[in-house]
Amino acid sequence: MSWWRDMVCYEVYPRAFADSNGDGVGDLPGVTARLEHIKDLGADAVWITPFYPSPLADGGYDIADYTGVAGDLGTAEDFTELTLRAHELGLKLLADLVPNHTSDQHPWFRAALAAAPGSAERQMYLFRPGRGADGELPPNDWQSAFGGPAWTRVPDGEWYCHLHAPEQPDLDWRNPKVRDAFTGVLRHWLDRGVDGFRVDVAHALFKAEGLPDAGPGQHTDPWRNHLMPYYDQEELHPLYREWRALLDTHPAPPGAVAPPDRVMVAESAVFDPARLGRYIRHDEMHQAFNFAFLEAAWDAVELRAVVDGSYAVPGSAVTWLLSSHDAVRPATRLGSLRRARAAALLMLALPGSAYLYQGEELGLPQAEIPDDRILDPLWERSGRTERGRDGARVPLPWSGEHAPYGFSTAAPGGTWLPQPDGWAALTVAAQQRDPASTLALYRKALRLRRAHPAPDPTAPPAWLSAPDDPVLAFRRGELVCVVNLGAESVPLGLPGRPALASGPLDGDRLPPDTALWLIDPSCEGRADDL
Ligand code: GLC
Ligand code: CA
């Protein structure tokens with residue numbers, strides 16, 4: 001079986017992971033120096049978010065040079081070191097590919113602005129004349145995912161499309177030059193030893209011919225995303241087949257210790273399982289993020305429906321995630337650390353592969369960022385109504401009693417995003433000493449999960465609970481997972497040996513918002529076992 005079908009992949013947001021040189025910004029040597037944390041946790045792979053030169057209008061997802069390394073993060077050699085160390089530790093390394101848009105400081109966009117309407121330079125992007133008597137209205141009604149129109153006008157009167165910030169102009173993927181350029185980018189990083197890519201907004205590259213209006217209700221219901229003329233177009237799929245073939249056939253870099261076994265995962269905010277399944281057909285992406293799971297409420301019926309729906313495409317690789325650099329930390333989003341810990345055991349027992357985001361294993365809450373330190377473009381684009389994602393991106397607490405908690409040797413308050421007070425008990429060092437810590441829970445869970453693999457990671461778990469039960473119970477081979485999402489404690493009465501609990505049990509009862517793993521080699525999977 002392919003390694004990635006049940007891998008645990010750990011997301012690193014490099015500016016917030018570890019700072020090696022005391023400038024207050026996490027960097028590549030910092031990641032390399034701390035890779036053992038990820039190895040010890042029990043992950044199989046690391047996905048590192050963009051580390052390329054960027055003006056940082058959107059946390060590095062506005063790229064000015066696809067084959068460079070950002071000066072504040074290190075050098076090309078530092079990246080090579082990181083790759084070598086990861087491989088030495090037996091970790092795969094995935095890079096982030098951001099093909100939908102460049103930075104407005106990318107040489108292609110600068111050249112496009114300097115060139116005339118209709119020029120080859122402009123055709124790399126989506127420039128269009130406006131509507132209205134003088135072209136003073138945007139070419140269509142598309143809205144940016146960050147708020148406001150998805151169009152900005154340039155001095156000569158044309159408009160360009162940006163589904164995110166204005167500093168992130170969208171490329172025209174119908175232009176073969178764009179396609180060729182990105183084939184080169186993929187080859188570049190494969191030659192440097194990466195084991196694959198996480199593909200940013202993989203549902204957005206192609207826009208419907210003629211750029212038709214999208215109508216009302218854009219970005220309000222993600223279950224309708226696949227209906228938008230700027231998302232989920234048919235033309236995406238031949239492109240992903242091309243990339244898959246490249247990943248499957250591109251030679252291993254010189255000195256590689258093992259033949260490449262690469263993986264490509266779509267960040268595709270398509271919620272409808274049937275539509276999402278199209279990205280992970282056997283010759284396309286290996287995986288796609290399961291955002292329906294991340295967005296699901298803490299509700300047994302809803303979660304069970306999402307879980308069942310996730311296996312809709314037979315044989316395809318299922319993923320699970322509770323957090324990312326874009327999401328509110330689970331301890332805050334789900335209402336309590338207790339729930340976040342129970343959710344972790346739920347997720348890590350489900351057949352398939354799991355993505356963890358740095359700090360999730362510490363149970364960090366979403367941090368409060370003072371108004372004047374907010375960097376996320378969502379804040380200004382929403383008219384300062386949405387605080388954005390910075391609260392999930394503050395530097396990791398490693399050790400010590402006060403900020404910067406071993407993240408950096410910078411003075412307290414000298415980190416690029418401020419850390420809150422009161423995180424001393426949440427540091428890696430503090431949690432390493434505490435067998436009841438969230439870090440200890442994740443470590444044990446990853447070990448048990450590896451020791452008790454799902455017989456088929458592409459098949460749904462065998463449910464032991466009834467569909468409307470506030471308790472979710474299912475089998476993953478010998479491992480039985482029970483999660484109490486109800487308000488009352490419930491009698492356990494399940495066969496098997498308790499192996500791991502997300503919180504204290506109440507005698508032989510499972511308290512609310514608590515999950516338990518049991519090991520039972522002989523369980524027949526009868527619903528009335530509960
Ligand atoms: C993805 C990234 C997010 C970024 C957006 C635009 O959703 O995860 O951080 O803002 O793409 O590139
Ligand atoms: Ca640094």
Side-chain angles (χ1 to χ4, degrees), residues 11-34 47-52 54-64 66 69-75 78 82 94-104 106 144-147 150 161-171 197-205 219 222 225 230-231 265-270 288-289 291 294-295 321 323-328 355 357 375-379 381-382 386 388-393 395-396 404 406-411 414-417:
E11 176 188 357
V12 167
Y13 195 77
R15 286 187 177 77
F17 193 70
D19 172 21
S20 72
N21 62 354
D23 65 356
V25 181
D27 45 49
L28 298 183
V31 179
T32 306
R34 301 263 192 192
W47 146 41
I48 181 162
T49 64
F51 52 84
Y52 319 107
S54 163
L56 298 179
D58 180 24
Y61 283 92
D62 48 319
I63 296 172
Y66 284 92
V69 173
D72 59 340
L73 293 183
T75 61
D78 292 332
L82 168 59
L94 310 190
D96 211 313
L97 186 74
V98 186
N100 180 66
H101 44 263
T102 69
S103 160
D104 63 348
H106 192 288
S144 149
F146 292 162
C161 176
H162 51 85
L163 291 182
H164 298 87
E167 295 87 353
Q168 294 167 295
D170 281 36
L171 288 161
F197 301 95
R198 173 265 193 191
V199 181
D200 190 61
V201 285
H203 54 309
L205 276 49
H219 308 297
N225 275 354
Y230 40 75
Y231 288 158
V265 53
E267 189 225 14
S268 184
V270 169
F289 289 154
F291 287 117
L294 182 137
E295 299 270 330
L321 72 166
S323 64
S324 81
H325 66 287
D326 292 327
V328 175
Y355 283 79
Y357 171 53
L375 299 173
D376 191 333
L378 258 168
W379 175 237
R381 302 273 306 162
S382 67
E386 285 186 50
R389 301 158 292 177
D390 295 342
R393 299 175 180 180
L396 274 194
F407 163 77
S408 168
T409 55
T415 52
W416 67 284
L417 275 178

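Throughout, numbering of the chain's residues begins at 1 and tracks the sequence. We count ligands from 1, going down the list as the structure has it; atoms in each ligand are counted the same way.
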- Item | Shortest-distance N, O or S atom of D19 relative to the Ca ion (ligand 2) | OD1

- Message: Just to check, does R393 reach to within less than 4.0 Å of ligand 1 when the distance is taken from its heavy atoms?
- Response: yes

- Item | Contact atoms of ligand 1, heavy-atom distance to R389 under 4.0 Å | 3 (C), 4 (C), 9 (O), 10 (O)

- Taking atom 1 (C) of ligand 1 as the reference point, the nearest protein heavy atom with its distance: D200 OD1, 2.7 Å

- OD1 (D23) - the Ca ion (ligand 2) - O (V25) angle, nearest 10°: 90°

- Message: Can you tell me if R198 contacts ligand 1 (heavy atom of the residue under 4.0 Å from the ligand)?
- Response: yes

- Which of the listed options, D58, V201, T49, holds the heavy atom that is closest to atom 6 (C) of ligand 1? D58

- Query: Are any of the side-chain nitrogens in D19 or R34 under 4.0 Å away from the carboxylate oxygens of its partner?
  - Reply: no

- Item | Vertex the Ca ion (ligand 2), arms to D27 OD2 and N21 OD1, rounded to 10° | 90°

- Message: Which residue is it: D200, V201, D326? I am looking for the one with a side chain to side chain contact (heavy atoms under 4.5 Å, CB included) to Y61.
- Response: D200

- Given the side-chain rings of H219 and Y230, with only the six-membered ring counted for Trp, is the space between their centroids under 6.0 Å? yes

- Message: With respect to H164, determine whether any N or O atom, backbone or side chain, lies less than 3.5 Å from an N or O atom of ligand 1.
- Response: no

- Query: Closest non-hydrogen protein atom to atom 9 (O) of ligand 1, residue and atom name please, with distance?
  - Reply: D326 OD1, 2.7 Å

- Residue, atom name and distance, where the atom is the protein heavy atom closest to atom 7 (O) of ligand 1: E267 OE2, 2.6 Å

- Query: How about S408: does one of its N, O or S atoms come closer than 3.0 Å to the Ca ion (ligand 2)?
  - Reply: no

